[in-house]
Structures are given as C-alpha cells and as structure tokens.
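Below is one structure, written out as structure tokens; the observations come after it.
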Amino acid sequence: MAILKNKVIYYSGIPGYPAEQRPGKLILTKEGIECKVRGFPLYSIPLSKISKASVVKDYIHTWIKVFLTIDYQDEKNVSQTLKVRIRAFGWPKVLKISEKWVEEIYRLIKK
C-alpha cells in the first residue's frame, strides 16, 4: 500500500541509466521507494539502504527549481543519489510536497 505517490521528473540516480529528464512516478511504501520512469524498468530502493533524503533548491536567475534527493546504497553497495523533481504547479507547492516526502522517509527509517 502506497504511503505517498507523486508524478515526478527523473533527473539521475538509477544505475545503468542516463541522467536525463524523463517523466515518471515515485511511490513510497513501508518496504521502500519504487521509481517508475518512462523507458526504464521499475527500480526499487529498500528503506534499509536509504541514508539521507533532502530538498535542494536550485536558483537559476529568476527561476527556482526544487529537487528531492535521496542518498542510498545500490545492490552493489555503491553510493547513489536519486534526484527527481515533483510535478506540481508552482515551486511553493513542489517544495511543500518534497518536504513531506523527506518527513515520511525519515519517519519510516527511524521505525
């Protein structure tokens, strides 16, 4: 059962797949995070492999881009950073949803 589910734009962080902007979905469950990106197979990250989640604001002239970043260990125990941008209207809403993701990830990790 999904705790959180959002449409995202994938930027990078899935081993073996290019760092490029692609639409997809991010799903948080009690077991981990599932990343469905158009053109890629389903990628899952167990909660036990996640070390950090954060919100990063990137200022470009008058534009603000808000990214959700998730640091984790892949199946070969190599550090990876999943970088996505939540799809929503306006950066304040994107920021709010991204912060909710960070809160929920840390809540589940601490259990």
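In terms of the salt bridge (charged side-chain N to carboxylate O under 4.0 Å, His left out) criterion, residue partners of Arg22 (sequence neighbours excluded) are, by chain and number, Glu20.
Residues Tyr11 and Tyr17 are members of separate hydrophobic clusters, defined by side-chain heavy-atom contacts under 4.5 angstrom among Ile, Leu, Val, Met, Phe, Trp and Tyr. Linking Ile, Leu, Val, Met, Phe, Trp and Tyr whenever their side-chain heavy atoms come within less than 4.5 Å puts Ile3 and Leu82 in one cluster. A single hydrophobic cluster is seen to contain both Val94 and Ile64, as judged by linkage of ILVMFWY side chains at heavy-atom distances under 4.5 Å, directly or through other members. If you chain together hydrophobic residues whose side chains sit under 4.5 Å apart, Ile86 and Tyr59 fall into the same group. Hydrophobic clustering of Ile, Leu, Val, Met, Phe, Trp and Tyr side chains at less than 4.5 Å, counting indirect connections, unites Val84 with Leu95.
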Compile the donor-acceptor pairs under 3.5 Å between side chains in residues 101-108 and protein atoms, sequence neighbours left out, one pair per line.
residue, atom, partner, partner atom, Å
Trp101, NE1, Asn6, OD1, 2.7
Glu104, OE1, Arg107, NE, 3.0
Glu104, OE1, Arg107, NH2, 2.7
Glu104, OE2, Lys100, NZ, 3.4
Tyr106, OH, Ala53, N, 3.1
Tyr106, OH, Ala53, O, 3.2

N/O donor-acceptor pairs under 3.5 Å from side chains in residues 67-77, not counting sequence neighbours:
residue, atom, partner, partner atom, Å
Thr69, OG1, Ser54, O, 3.4
Thr69, OG1, Ser54, OG, 2.7
Asp71, OD1, Thr81, OG1, 2.8
Tyr72, OH, Gly13, O, 2.5
Tyr72, OH, Tyr43, OH, 3.3
Gln73, NE2, Ser79, OG, 3.1
Asp74, OD1, Lys76, N, 2.9
Asp74, OD1, Asn77, N, 3.2
Asp74, OD1, Val78, N, 2.9
Asp74, OD2, Gln80, NE2, 3.1
Asn77, OD1, Lys49, NZ, 3.0

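Using a 4.5 Å heavy-atom cutoff, the side chains of Phe40 and Pro18 are in contact.
Considering NZ of Lys83 and CD of Gln21, their distance stands at 9.5 Å, rounded to 0.5 Å. Annotation: the span from Ile45 atom CD1 to Glu34 atom CD amounts to 10.5 Å, rounded to 0.5 Å. Remark: Leu42 CG to Ile27 CD1 distance equals 7.5 Å, nearest 0.5 Å.
Under the side chain to side chain contact (heavy atoms under 4.5 Å, CB included) test applied with Leu4, the options Thr29, Ile97, Leu28, Ile33 reduce to a single match, Leu28.
The shortest heavy-atom contact between Pro23 and Ile9 is CA-CD1, 4.2 Å. Here the shortest heavy-atom pairing between Val8 and Arg87 reads O-CD, 3.4 Å.
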